[in-house]
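Worksheet for the structure shown next.
Just so we're clear, the structure is a prediction, and the values are computed from it rather than from any experiment. No hydrogens, no waters, no symmetry mates; every other heavy atom, side chains included, goes into these values.
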Amino acid sequence: MKTITVRYFAMFREQAGVNEETLSLDATTAADVFEHTKARHGSSEPAGHCKVAINDEMADWTSPVEDGDTVLLFPPVAGG
Amino acid sequence: MKTITVRYFAMFREQAGVNEETLSLDATTAADVFEHTKARHGSSEPAGHCKVAINDEMADWTSPVEDGDTVLLFPPVAGG
Amino acid sequence: MIRMTTDSIDPDALRRELFDPAAGGYCAFEGWVRNENEGHEVLRLEYEGYEPVAVAEGEKILVEAAGKFPYLRAHCVHRTGMLEIGDCAVWVGVASAHRDEAFKACRYIIDELKHRLPIWKKEHYTNGDSGWVNCERCAEHAHGG
Amino acid sequence: MIRMTTDSIDPDALRRELFDPAAGGYCAFEGWVRNENEGHEVLRLEYEGYEPVAVAEGEKILVEAAGKFPYLRAHCVHRTGMLEIGDCAVWVGVASAHRDEAFKACRYIIDELKHRLPIWKKEHYTNGDSGWVNCERCAEHAHGG
């Protein structure tokens with residue numbers, strides 16, 4: 001089990017009802033964390049449209065997560 | 001013979017030494033007027049790089065000139 | 001330089017920062033909040049951004065643009081918070097020796113910025129509804145099947 | 001609208017005239033006097049234009065651009081007279097619903113304007129010489145053989 005802090009943005013924050021939460025979970029990659037939170041908060045957004053950052057660095061869904069990491073979940077972006 | 005007023009711009013004005021002059025000449029087209037002024041002022045600029053207007057309307061070198069017309073001779077342009 | 005702000009954007013002041021005696025061409029792009037999106041009448045837009053990652057990713061985009069279309073100077077500012085119709089949400093300015101690089105770098109920067117920066121917008125409609133706007137490429141993908 | 005002026009150009013005032021609640025994208029281009037051209041150190045530039053034909057031809061270009069890249073509003077101002085390094089010689093601004101038309105119409109307008117309007121520039125060099133600048137396409141043609 002790893003302790004992972006997850007931060008939610010925009011649509012994900014509204015779905016989760018919190019900005020941030022700290023979870024204990026079995027997760028190897030960023031994708032594992034994302035799937036866990038989707039199940040937890042009933043989201044169905046495909047990962048392909050979303051982005052992820054780990055400790056403020058852009059990452060891939062296959063990037064490994066370590067105990068103590070902060071994972072940022074970004075729904076589809078729309079700047080400009 | 002037609003009476004044609006010719007107006008010179010930029011490089012052509014400097015070559016002619018006048019802004020404008022009124023000439024009596026045998027000319028059917030704008031090209032005829034241009035060739036006449038080139039010979040008169042020793043210019044060698046090819047017509048292909050230049051433009052011509054007749055009475056403030058853009059014209060072609062093959063456009064006919066009439067007695068009393070004002071022909072504007074534009075050397076290669078470089079706006080902007 | 002890229003930065004995020006909650007203040008209104010001052011394009012004229014930003015433009016002056018790009019002056020360079022070797023610059024012959026300057027291209028600027030501004031994204032304005034418009035009154036309509038995909039058939040919905042929009043009242044205002046709410047922008048949310050995550051600054052640490054947005055700024056890091058924006059700097060990468062500026063460097064990429066300089067590699068592809070060598071320019072002299074480029075800046076970008078993105079506003080967040082609640083914006084009204086006509087407000088400038090994003091400004092990109094590029095000064096370069098010749099106009100081709102200025103246009104192309106400016107276009108590259110705004111195109112990349114729109115789909116790579118962690119910035120989201122929520123539209124507030126005249127009927128009282130609101131909704132998060134999906135990214136352009138997602139929409140293209142979805143429309144394409 | 002296109003106009004010529006001997007006064008300095010005020011891009012911010014011009015930009016405000018293009019505001020439109022349906023506009024989501026705004027693209028502007030400015031031509032600045034730079035300190036160098038083809039290896040010559042430039043001190044200042046002297047622009048000469050013939051306004052009646054320049055304005056008529058400019059209006060045609062704006063109409064053509066609207067046909068190709070439908071925009072909401074576009075303006076263009078060209079300055080003539082003696083300009084110093086850093087001065088804005090030409091300004092083009094386009095507002096449209098989406099950014100693609102704004103970029104493309106702006107580019108079309110400046111490209112056409114540069115080789116169709118009866119406007120000429122004379123460069124004054126630091127060594128005291130001066131020379132009329134030939135049009136871009138003539139130069140390209142000449143370089144191409």
- Item | Glu17(C)/Arg15(C) ion pair, N-O < 4.0 Å |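 Salt bridge between Glu17(C) and Arg15(C), a charged N being under 4.0 Å from a carboxylate O: no.
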- Message: Counting heavy-atom pairs closer than 4.5 Å to chain A, which one of Glu46(C), Glu48(C), Glu30(C) comes out on top?
- Response: Glu48(C)
- Under a 4.5 Å heavy-atom cutoff, which of Tyr50(C), Tyr47(C), Trp32(C), Phe29(C) has the most pairs with chain A?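 Heavy-atom pairs under 4.5 Å are most numerous for Tyr50(C).
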- Query: Does anything in residues 54-86 of chain C get under 4.5 Å of chain A by heavy atoms, and if so which residues?
  - Reply: Glu57(C), His78(C)
- Message: Only heavy atoms, only distances under 4.5 angstrom. Which residues in residues 116-131 of chain C are near chain A?
- Response: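 Within residues 116-131 of chain C, the residues under 4.5 Å from chain A are Arg116(C), Leu117(C), Pro118(C), Ile119(C), Trp120(C), Lys121(C), Lys122(C).
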- Message: Can you tell me how far apart NE2 (His36(A)) and CZ (Arg40(A)) are? Round to the nearest 0.5 Å.
- Response: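 Taking NE2 in His36(A) and CZ in Arg40(A), the distance rounds to 6.0 Å.
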- Interatomic spacing from SG in Cys27(C) to CZ in Arg107(C) - rounded to 0.5 Å: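 The SG atom of Cys27(C) sits 10.0 Å away from the CZ atom of Arg107(C).
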- Query: Looking only at heavy atoms, which of residues 8-28 of chain A get nearer than 4.5 Å to chain C?
  - Reply: Phe9(A), Ala10(A), Met11(A), Arg13(A), Glu14(A)
Would you mind reporting whether [Y] and [X] have side-chain heavy atoms less than 4.5 Å apart?
X	Y	answer
Leu14(C)	Arg16(C)	no
His115(C)	Asp111(C)	no
Val71(A)	Thr5(A)	no
Val65(A)	Thr29(A)	no

- Message: Between Tyr26(C) and Leu18(C), does the side chain to side chain contact (heavy atoms under 4.5 Å, CB included) criterion hold? Intermediate values first, please.
- Response: CA-CA 9 Å; Tyr26(C) 164 78; Leu18(C) 296 182; 3.6 Å; yes
- Message: For the backbone of Ala47(A) and the side chain of Trp61(A), can you confirm whether one donor and one acceptor N or O come within less than 3.5 Å of each other?
- Response: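 Yes, because the side chain of Trp61(A) sits within donor-acceptor range (under 3.5 Å) of the backbone of Ala47(A).
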- Take Glu36(C) and His40(C) through the test side chain to side chain contact (heavy atoms under 4.5 Å, CB included) and record every step on the way to the result. CA-CA 6 Å; Glu36(C) 189 269 339; His40(C) 297 279; over 6 Å; no
- Could you walk me through whether Phe34(A) and Leu73(A) pass side chain to side chain contact (heavy atoms under 4.5 Å, CB included), step by step? CA-CA 7 Å; Phe34(A) 186 51; Leu73(A) 296 179; 3.9 Å; yes
- Message: Show every salt bridge (Lys or Arg N to Asp or Glu O under 4.0 Å) that has at least one partner inside residues 53-69 of chain A, sequence neighbours left out.
- Response: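 Those involving residues 53-69 of chain A do not exist here.
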- Item | Val53(C)/Met58(A) under side chain to side chain contact (heavy atoms under 4.5 Å, CB included): CA gap, chis, key distance, verdict | CA-CA 7 Å; Val53(C) 172; Met58(A) 290 302 297; 3.3 Å; yes
- Message: Quick check on Pro46(A) against chain C: is it the side chain, the backbone, both or neither that has a heavy atom closer than 4.5 Å?
- Response: neither
- Nearest heavy atoms of Gly25(C) and Ala102(C), plus distance in Å: O-CB, 4.0 Å
